[in-house]
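Accompanying notes for the structure given below.
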Amino acid sequence: MPGCFKKTLFALASLISFVSFILIVVAMGIPKWMTGKILCKTGADLVNATDPELVKFIGEIYYGLFRGGKIRQCGLGGRRSKFTIFPHMVKKLNTGLHVMIIIFLCVAIFFSLVSFGFCILNAIKVPYRAINGPAGACLWNFLAGAFVVLGVTSFMAAVKLHHLTERIANFRENVFQFIILEERFEDCFWICVASATAHAVNLLLIAISEIHFPKIKTKTEEVNVTAEDIMY
């Protein structure tokens, strides 16, 4: 049986792995990875809008991995619309990269659950095989964190290098052209960053569990028994 200190650390690590699993699932399902402000360039050019008048042509956009929405401002008031990434819009994006982001995060979900199971195992007993022990728990936590990092990095690449927001904003816009004025990474993106950080914390906890602290030995006083003590 593992010691109390080791049990506590692995129990905490298992809780963190489970929380990481929940965070990734929630982040993938909510369309709040990116928000931004979009300018209807066509409408602004038609009326030759000056700086104070440009406000009438600035809308908003938000999206996640599967769906999103936008407010089009083309001079006649805001028009709200919602969209889904699959199955049609993804063809206009960098399809391979977008699919890889989802795959990376799905693999991270799997490894988060595996690391959760291994941490529970190590909290309950000392495994006979090394791969089932702290080394295995480290491996699965590292893989889970690494795949989250890959997913987050790929999403950043899609936004910054492949102009993901601009492509989404102009999807099926035959008349108006939109340009991006501002982009912000939102809660779901940072939730995934927190998930990767959680697995890094787990690696630290597992490393601490392997430190062998010296035991404090108490000196026992020697009892001298004399002949007088025996008589009494």
Side-chain angles (χ1 to χ4, degrees), residues 10 12-36 60-70 82-121 131 135-169 171 180 182-206:
F10 273 105
L12 181 58
S14 64
L15 176 62
I16 292 174
S17 293
F18 186 73
V19 169
S20 174
F21 159 74
I22 296 296
L23 288 177
I24 303 172
V25 171
V26 170
M28 290 185 69
I30 298 177
K32 281 289 184 180
W33 279 67
M34 179 69 65
T35 60
E60 297 178 356
I61 188 170
Y62 67 91
Y63 60 90
L65 299 179
F66 299 99
R67 65 187 190 277
K70 65 180 179 181
K82 292 185 178 181
F83 54 82
T84 56
I85 304 293
F86 294 92
H88 302 297
M89 185 183 289
V90 73
K91 296 175 183 177
K92 299 295 182 181
L93 311 178
N94 190 322
T95 308
L97 183 59
H98 196 82
V99 172
M100 286 305 298
I101 294 169
I102 296 172
I103 291 174
F104 284 148
L105 293 177
C106 288
V107 174
I109 288 173
F110 171 74
F111 283 132
S112 294
L113 285 177
V114 174
S115 67
F116 168 71
F118 270 66
C119 289
I120 287 289
L121 176 65
I131 190 61
C138 278
L139 173 64
W140 303 122
N141 273 284
F142 173 78
L143 289 175
F147 275 99
V148 175
V149 170
L150 285 173
V152 168
T153 306
S154 299
F155 183 77
M156 291 176 65
V159 171
K160 299 300 181 182
L161 301 180
H162 296 275
H163 311 290
L164 180 63
T165 308
E166 187 173 343
R167 292 188 183 196
I168 290 176
F171 179 68
I180 309 303
E182 180 184 323
E183 290 177 314
R184 293 186 306 276
F185 292 106
E186 286 296 336
D187 297 342
C188 292
F189 175 85
W190 297 113
I191 284 174
C192 284
V193 173
S195 173
T197 306
H199 286 290
V201 171
N202 265 1
L203 290 175
L204 180 62
L205 291 176
I206 296 169

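Along the sequence shown, the residues carry numbers beginning at 1.
Across every non-hydrogen atom of His98 and Ile85, the tightest pair is NE2-CG2, 3.5 Å. Here the closest non-hydrogen pair linking Cys192 and Trp33 is SG-CH2, 3.5 Å. Contact between Ile24 and Leu105 at its shortest, heavy atoms only, is CG2-O, 3.9 Å. The two residues Ser115 and Asn141 make their nearest non-hydrogen contact at CB-ND2, 3.6 Å. Residue Asn94 comes nearest to Arg167 through the heavy atom pair N-NH1, 3.5 Å, listed as atom of the first residue, atom of the second, then distance. A pairwise comparison of heavy atoms in Ala13 and Cys119 identifies CB-SG, 3.7 Å as the closest pair.
Of the inter-residue distances, the one linking Leu164 atom CG with Met156 atom CE reads 13.0 Å to the nearest 0.5 angstrom. Distance check: Ser154 OG to Phe147 CZ gives 11.0 Å after rounding to the nearest 0.5 Å. Atom CD1 of Ile109 is separated from atom CD1 of Ile22 by 9.5 Å, given to the nearest 0.5 angstrom. Between Tyr62 atom OH and Arg67 atom CZ the span is 8.5 Å, to the nearest 0.5 Å. Expressed to the nearest 0.5 Å, how far CD1 of Ile101 lies from SG of Cys106 amounts to 12.0 Å. To the nearest 0.5 angstrom, Asp187 atom CG is 9.0 Å from Thr35 atom OG1.
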- Let me see the working for Phe189 and Phe155 under side chain to side chain contact (heavy atoms under 4.5 Å, CB included), right down to the final yes or no. CA-CA 9 Å; Phe189 175 85; Phe155 183 77; 3.9 Å; yes
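Side-chain atoms of Lys70 come within 3.5 Å of backbone N or O of Ala169 as a donor-acceptor pair. A donor-acceptor pair under 3.5 Å is formed between the side chain of Thr95 and the backbone N or O of Val90.
Take Lys92 and apply the side chain to side chain contact (heavy atoms under 4.5 Å, CB included) test, not counting sequence neighbours, and it matches Phe171. Residues satisfying the side chain to side chain contact (heavy atoms under 4.5 Å, CB included) test with Val149, not counting sequence neighbours, are Thr153, Ala196.
The shortest side-chain heavy-atom distance between Met34 and Glu183 falls under the 4.5 Å cut-off. Between Phe10 and Leu205 the shortest side-chain heavy-atom distance does not fall below 4.5 Å. No side-chain heavy atom of Val107 sits less than 4.5 Å from a side-chain heavy atom of Leu150. The shortest side-chain heavy-atom distance between Phe118 and Leu139 does not fall under the 4.5 Å cut-off. Side chains of Tyr63 and Thr165 form a contact here, defined as non-hydrogen atoms less than 4.5 Å apart. Between Ile102 and Met28 the shortest side-chain heavy-atom distance falls below 4.5 Å. Using a 4.5 Å heavy-atom threshold, the side chains of Ile168 and Leu93 count as touching.
Heavy-atom contacts from other residues, nucleotides or ligands closer than 6.0 Å to CZ of Phe83 number more than 12. Enclosure of atom CZ in Phe66 by more than 12 non-hydrogen atoms of other residues, nucleotides or ligands within 6.0 angstrom is indicated.
Ring geometry for Phe111 against Trp140 counts as parallel: the plane angle stays under 30°, on a 0 to 90° scale with 60° as the upper cut. Using the six-membered ring where Trp is involved, Trp190 and Phe185 have ring planes that are perpendicular, over 60° apart on the 30 and 60° scheme.
With 3.5 Å as the limit, one finds no donor-acceptor pair spanning the side chains of Ser17 and Ser112.
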